[in-house]
Chemist: 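First the structure, which I've put down as structure tokens, then a few questions once you've had a look.
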Amino acid sequence: MKAKFTTLLILLFSIININAKAQTFDVDTIQFSGDANKFINIVILGDGYINTEQNKFISDVNNLRTYLFTQPPFKNYKNYFNVFAVKVISLETGAMHPNTASDCNTANVPTSNPNTYLGCTFDYFGIHRLIVPLKNSAISNVLSTNFPNYDQVVILSNSPYYGGSGGQFATATNGPSSFEVMTHEIGHSFAGLNDEYYAGNSFAREEENMTQQTNPLLVKWKNWMGSNGIGIYAHCCGGNSALWNKPHNNCKMQFLNSPFCRVCSQTIIESIHDLTSPVVEFSPSNSSTLNTPNQFLDFKLEKLMKPIPNTLNIEWGLDGLLFSKNVDSIKIDRSTLTLGIHNVDVLVIDTTQLLRVDAHDAKHFKYINWTVNRTTSGINLTSKENDISYSVFPNPVSEVINISLEVKKRSMISIEIINYEGKVIQNIISNLSLEGAYKNSFNLGELTKGNYLVQLKIDGKIYTEKLIKQ
């Protein structure tokens, strides 16, 4: 998995601070779902934990991990994440509190200035509860030396007082409500969510959960309008805040101990989908020649990232027809294959009801195609992954269907509607020469109600998508 903050950035920090010295710390695996190159890696760094407090740090991390994955949608996608803890050793315990924020008088937190490795401090930006690590070069060195393959960095400050911040890193103390605070802050850092309380003019901007749009047909969360409490709600307090709107009045991005609203949940899930593919391993994975007398050809999705509950829709096809559905593997009797070229494919899409994203299937899917050449001497297999992007929507459809696709090189395209017996019911596109993107709408009003397949042919290769006509 590629880190959100690149190696170039890490090197830049190191060059700027030539006195920073890389140090190796112990790294504990807290949760392991799979290959760090394919799963999402949350890397937690401790600050203000001295050498004798590392067991406490690991206990705090375990409690945080447990809590985070009780909160939807992280609960639903727990299997997509690894969690690692880097035992960063500070010289002194705690977090800095300069006592300079205007609201410190009511915070009841003693002034302190401990020497910590990452420099976490309260009172940042004149706000007492805003705790931020100041030593960015130290953070970068810790990551590059100990776990450069990170996706989300979490910094846990060893302070018993309330505080946290989002931004480049998700930071919180281990004080009261710390796990709930950290979940909120991860919403900022991992998914780019804004606060749904008005944090100030400098923080007001267009995000997935913040907008100046007031038209319910145009607002970013239009597909959720009127459902699960989603609407267009002005921020409080008048002035500039009244120009900005949020999707919900009781979301975790505004109130602790509330759930993420559906808009924020959707944004988090889309961030998860951006970083992962549901199919981790499959076989056959390379070109091969099978000359064994084995009667059956085995095609397998060896390892899948499955949501909880499992909402992956899996469709296997053979020569453009649906062969099997929602199974991890299939067997094809080679004696049923005529001599020549055949196509086996599988399409995996997350169909969770927590998403209402237009053309989601065009962005986040896994498609694998095997070309099977049966000869008199054996079977030749070649596999290929996601060489196209396409979507068919709405689905189910009543009259007008929209088709969009994109191919990386100039190809000959044909699209047909076929029934489950393989009979062509309607030609949509015939022999279109295309390179790049294509979008168009087609009227299917005369098509009788029922289940069909949209069969897409690209340079003779066949891709299929189930279509329901209402």
Side-chain angles (χ1 to χ4, degrees), residues 4-5 71-74 76-77 125 127 129-130 132 151-152 164-171 180-275 350 352-364 391 393-394 402 404 437 439:
K4 287 185 176 180
F5 315 117
Q71 303 298 298
F74 292 103
N76 305 82
Y77 290 86
F125 209 61
I127 303 171
R129 71 178 185 276
L130 199 61
V132 173
D151 294 291
Q152 176 61 56
S165 66
Q168 185 178 10
F169 314 113
T171 305
E180 180 68 9
V181 171
M182 186 65 86
T183 304
H184 168 99
E185 304 302 351
I186 289 173
H188 287 306
S189 300
F190 181 73
L193 295 170
N194 247 3
D195 288 311
E196 292 186 17
Y197 61 85
Y198 196 72
N201 294 345
S202 60
F203 297 99
R205 59 184 180 271
E206 290 287 334
E207 295 288 2
E208 292 302 311
N209 65 330
M210 190 177 196
T211 187
Q212 290 187 319
Q213 178 62 252
T214 58
N215 187 334
L217 299 179
L218 299 177
V219 72
K220 301 169 187 178
W221 49 84
K222 63 183 185 299
N223 294 341
W224 286 103
M225 285 293 295
S227 176
N228 299 94
I230 300 299
I232 301 174
Y233 304 99
H235 280 268
C236 77
C237 311
N240 190 61
S241 67
L243 302 176
W244 292 93
N245 304 298
K246 57 188 177 182
H248 204 274
N249 275 327
N250 189 33
C251 177
K252 193 182 293 294
M253 296 312 295
Q254 180 172 2
F255 298 111
L256 298 183
N257 300 310
S258 294
F260 285 109
C261 72
R262 288 304 177 92
V263 173
C264 292
S265 291
Q266 175 172 277
T267 305
I268 292 168
I269 295 170
E270 286 294 85
S271 295
I272 293 170
H273 284 168
D274 283 339
L275 290 169
D350 187 357
T352 175
Q353 297 301 302
L354 297 175
L355 291 179
R356 295 183 183 178
V357 178
D358 289 338
H360 175 266
D361 294 356
K363 296 189 300 180
H364 294 137
S391 66
F393 64 97
N402 303 292
S404 64
K439 292 182 180 180

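Because the structure is predicted, anything quoted here is derived from the model rather than measured.
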Chemist: Roughly how far, to the nearest 0.5 Å, is the CG atom of D358 from the CZ atom of R356?
Modeler: 12.0 Å
Chemist: Answer yes or no: is there a side-chain heavy-atom contact under 4.5 Å between N76 and L354?
Modeler: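 Of all side-chain heavy-atom pairs linking L354 with N76, at least one is under 4.5 Å.
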Chemist: Can you name the nearest heavy-atom pair linking E270 to L355, along with the distance?
Modeler: OE1-CD1, 3.8 Å
Chemist: Would you mind reporting whether I268 and L193 have side-chain heavy atoms less than 4.5 Å apart?
Modeler: yes
Chemist: Grab the two heavy atoms, one from S189 and one from G167, that are nearest each other, plus how far apart they are.
Modeler: OG-O, 2.8 Å
Chemist: Measuring from M253:CE to Y197:OH, what's the distance to the nearest 0.5 Å?
Modeler: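 Answer rounded to 0.5 Å: 8.0 Å.
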Chemist: Determine, for E207 against K220, whether the closest basic-nitrogen to carboxylate-oxygen distance falls under 4.0 angstrom.
Modeler: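 Salt bridge between E207 and K220, a charged N being under 4.0 Å from a carboxylate O: no.
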Chemist: Taking the side chain as every heavy atom from C-beta outward, state whether F125 and V132 have any atom pair closer than 4.5 Å.
Modeler: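 No - every pair of side-chain heavy atoms lies 4.5 Å or more apart.
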Chemist: Quick one: CG on N245 to CE on M210, what's the gap to the nearest 0.5 Å?
Modeler: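 Separation between the atoms: 8.5 Å.
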Chemist: Looking only at heavy atoms, which two atoms of P216 and K222 are closest? And how far apart?
Modeler: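 Residues P216 and K222, closest heavy atoms: O-CB, 3.4 Å.
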Chemist: I need the Q212 CD to I232 CD1 distance, nearest 0.5 Å.
Modeler: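 The CD atom of Q212 sits 12.5 Å away from the CD1 atom of I232.
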Chemist: Determine whether C261 and E196 make a side-chain contact, defined as any pair of heavy atoms from C-beta on separated by less than 4.5 Å.
Modeler: yes
Chemist: Could you give the distance from CD1 (I186) to OG1 (T171), rounded to the nearest 0.5 Å?
Modeler: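 Reported value, rounded in 0.5 Å steps: 10.0 Å.
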Chemist: Taking the side chain as everything from C-beta on, heavy atoms only, tell me whether F190 gets closer than 4.5 Å to D151.
Modeler: no
Chemist: Are H188 and D195 close enough that a side-chain donor and a side-chain acceptor fall under 3.5 Å?
Modeler: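 On atom types as modelled, these side chains qualify, holding a pair under 3.5 Å.
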Chemist: Does H184 reach the side chain of F260, with side-chain heavy atoms less than 4.5 Å apart?
Modeler: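 No, their side chains stay 4.5 Å or more apart.
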Chemist: Does a side chain donor of either H248 or N209 reach within less than 3.5 Å of an acceptor in the other side chain?
Modeler: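 There is no such pair (donor and acceptor under 3.5 Å, judged by atom type) between the side chains of H248 and N209.
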Chemist: Quick one about Q266 and W224 (side-chain donor to acceptor, distance below 3.5 Å, no hydrogens or angles considered), yes or no?
Modeler: yes
Chemist: Could you report the tightest heavy-atom contact between T183 and K252, atom names first, then the distance?
Modeler: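 Closest approach of T183 to K252, heavy atoms only: CG2-CD, 3.8 Å.
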Chemist: May I ask you to decide if C236's main-chain N or O and S241's side chain share a donor-acceptor pair within less than 3.5 Å?
Modeler: yes
Chemist: For a 4.5 angstrom cut-off between non-hydrogen side-chain atoms, does N223 reach V357?
Modeler: no
Chemist: Considering all heavy atoms of both residues, which atom of Y233 and which atom of P247 are nearest to each other, and what is their separation?
Modeler: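 Between these two residues, the closest heavy atoms are CE1-O, 3.3 Å.
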Chemist: Looking at every heavy atom in both W221 and G231, which two are closest together, and how far apart are they?
Modeler: NE1-O, 2.8 Å
Chemist: Within this structure, what is the OH-CZ distance for the pair Y198 and F203, rounded to the nearest 0.5 Å?
Modeler: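 With rounding to 0.5 Å, OH (Y198) is 10.5 Å from CZ (F203).
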Chemist: Measure from the side-chain N and O atoms of N215 to the backbone N and O of L217, and report whether any donor-acceptor pair falls under 3.5 Å.
Modeler: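 Here the side-chain-to-backbone pair exists.
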